[in-house]
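Reading through the structure tokens given below for one structure.
Computed from a predicted model, the values in this text were never measured in an experiment.
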Amino acid sequence: MIRNWGASAAGAIRGTSAPVTHTLIVLCCLVFLIGPASGLHPAHGTGEELLDAQRAYFRRWGVIPADLFEGSPGAVLTPATALFVHGSWVHLLGNMLFLHVFGAMAEARMGRVRFTLCYAGCGYLALLGYAAANADSERSLVGASGAISAVLGAFLFLFPRARVTSLLPFLFFLPVRLPAWVVLPFWAALQWAAAGRAGAGPGVAYLAHLIGFGLGFGYAWGRFGGATTVRTAPAPAPEGENQP
């Protein structure tokens, strides 16, 4: 399963209208709350019964690479449905924080339609790419991290000098404000390093993050590169900052 990154966060432009971003956040939260992963619905039971319900839920709506490449008609839709399914509260809240912080600015700059295409299309392809690299896997793959990684990639192209508030472990997690062109490539490098160490067991689908990030950057470059001069986003007021 794709889980929370827990690496860094950025400031958003105050007052930015981002209806698509907010709708995606609401949908992901609603899907999680009514599903068994939240543990809130009594109909899903407790203990082993709840765990069985969760496994069945993830298999139904998540991507199972082995099924996807065996030609199952319904499996073709799972890279889309999996974008709205999350495996835990930490998984959900971490992803939604990143989407809220980076998505608002990216949507305002790209426009609603282009942002939606970037999010959904790159997210689908990110999960598909991960599944292709693990075609024999029977494990369920869920989460919006691939799509949100695409938003990060697009953000890097559109706002390379926007200030990003980051928590760096080697600085004792002190908040440091650095330009996006420093923070986001560093984040991508961490995903690359982690992907090389990832085993076949459950965990974070780092490869999906990398694919989504590259696709999002490429989409923004192809759509906006050379045609428009992108202005640097103003630094947000301190009270507008967010961090995971």
Side-chain angles (χ1 to χ4, degrees), residues 2-13 16-29 79-80 82-86 91-130 142-166 179-188 190-191 204-225 230 232-233 236 241-244:
I2 302 177
R3 295 178 184 168
N4 180 34
W5 308 312
S8 66
I13 297 176
T16 295
S17 176
V20 175
T21 297
H22 298 151
T23 299
L24 289 170
I25 291 173
V26 170
L27 286 175
C28 287
C29 290
L83 293 177
F84 297 92
V85 178
H86 291 82
H91 187 196
L92 172 76
L93 296 176
N95 275 353
M96 294 306 100
L97 175 61
F98 273 70
L99 179 56
H100 170 69
V101 170
F102 289 97
M105 289 178 67
E107 180 183 345
R109 177 64 187 86
M110 299 171 73
R112 298 174 187 177
V113 174
R114 297 189 189 101
F115 177 80
T116 302
L117 291 175
C118 177
Y119 183 92
C122 294
Y124 184 100
L125 292 175
L127 297 187
L128 188 65
Y130 180 90
V142 299
S145 301
I148 299 170
S149 296
V151 173
L152 297 187
F155 185 98
L156 174 60
F157 180 81
L158 297 171
F159 303 103
R161 289 181 290 275
R163 290 287 172 172
V164 176
T165 301
S166 307
W181 66 265
V182 172
V183 174
L184 293 180
F186 179 70
W187 171 84
L190 291 178
Q191 306 307 298
V204 182
Y206 295 107
L207 180 58
H209 298 177
L210 288 169
I211 295 173
F213 186 82
L215 289 172
F217 186 91
Y219 178 88
W221 181 25
R223 182 61 187 83
F224 297 97
V230 179
T232 304
E241 294 178 355
N242 293 280
Q243 60 189 37

### Given Phe213, Phe159, Trp187, Phe155, the one that forms ring-ring contact (aromatic ring centres under 6.0 Å, His included) with Phe102
Phe155
## Note on the structure
Separation between CG (Leu24) and OG1 (Thr116), nearest 0.5 Å, reads 7.0 Å
### Task
Might you point out which heavy atoms bring Leu156 and Ala180 nearest each other, and give the distance in Å?
CD1-O, 3.5 Å
### Task
To the nearest 0.5 angstrom, please state how far the NE2 atom of His100 sits from the OG1 atom of Thr21.
9.5 Å
### Task
Walk me through it: do Ile148 and Tyr119 pass the test side-chain contact (heavy atoms from CB on, under 4.5 Å)?
CA-CA 7 Å; Ile148 299 170; Tyr119 183 92; 4.1 Å; yes
### Task
Heavy atoms only: give me the nearest Glu107-Val20 pair and the separation to one decimal.
OE2-N, 3.0 Å
### Task
Apply side-chain contact (heavy atoms from CB on, under 4.5 Å) to Cys28 and Leu92, showing your working.
CA-CA 8 Å; Cys28 287; Leu92 172 76; 4.2 Å; yes
### Query
Which value, rounded to the nearest 0.5 Å, describes the distance between Cys122 atom SG and Leu128 atom CG?
12.5 Å
### Summary
Taken in chain and number order and not counting sequence neighbours, the residues that satisfy side chain to side chain contact (heavy atoms under 4.5 Å, CB included) with Val26 are Leu30
### Query
Do Val142 and Phe84 have side chains that get closer than 4.5 Å, going by heavy atoms?
no
### Query
In terms of ring plane angle, is the pair Phe217 and Trp221 parallel, tilted or perpendicular, where the classes change at 30° and 60°?
tilted
### Query
Does Arg114 reach the main-chain N or O of Met110 with its side chain, forming a donor-acceptor pair under 3.5 Å?
yes
### Task
To the nearest 0.5 angstrom, please state how far the CG atom of Leu127 sits from the CG atom of Leu83.
5.0 Å
#### Entry: Over all atoms of both residues, closest heavy-atom pair of Ala18 and Ala104
CB-CA, 3.7 Å
### Task
Heavy atoms only: give me the nearest Ala80-Tyr124 pair and the separation to one decimal.
N-CD1, 3.7 Å
### Task
Evaluate the side-chain proximity of Asn95 to His86: yes if any heavy-atom separation is below 4.5 Å, no if none is.
yes
### Summary
Nearest heavy-atom approach of Ala126 to Ala208 is CB-O, 3.5 Å
### Qualifying residues under ring-ring contact (aromatic ring centres under 6.0 Å, His included), relative to Phe115, sequence neighbours excluded
none
## Note on the structure
Tightest non-hydrogen contact, residues Leu152 and Leu184, listed as O-CD1, 3.5 Å
### Summary
Interatomic distance, OG@Ser149 vs CD@Gln191, rounded to 0.5 Å, equals 6.5 Å
#### Entry: Separation of His209 NE2 from Tyr130 OH (nearest 0.5 Å)
9.5 Å
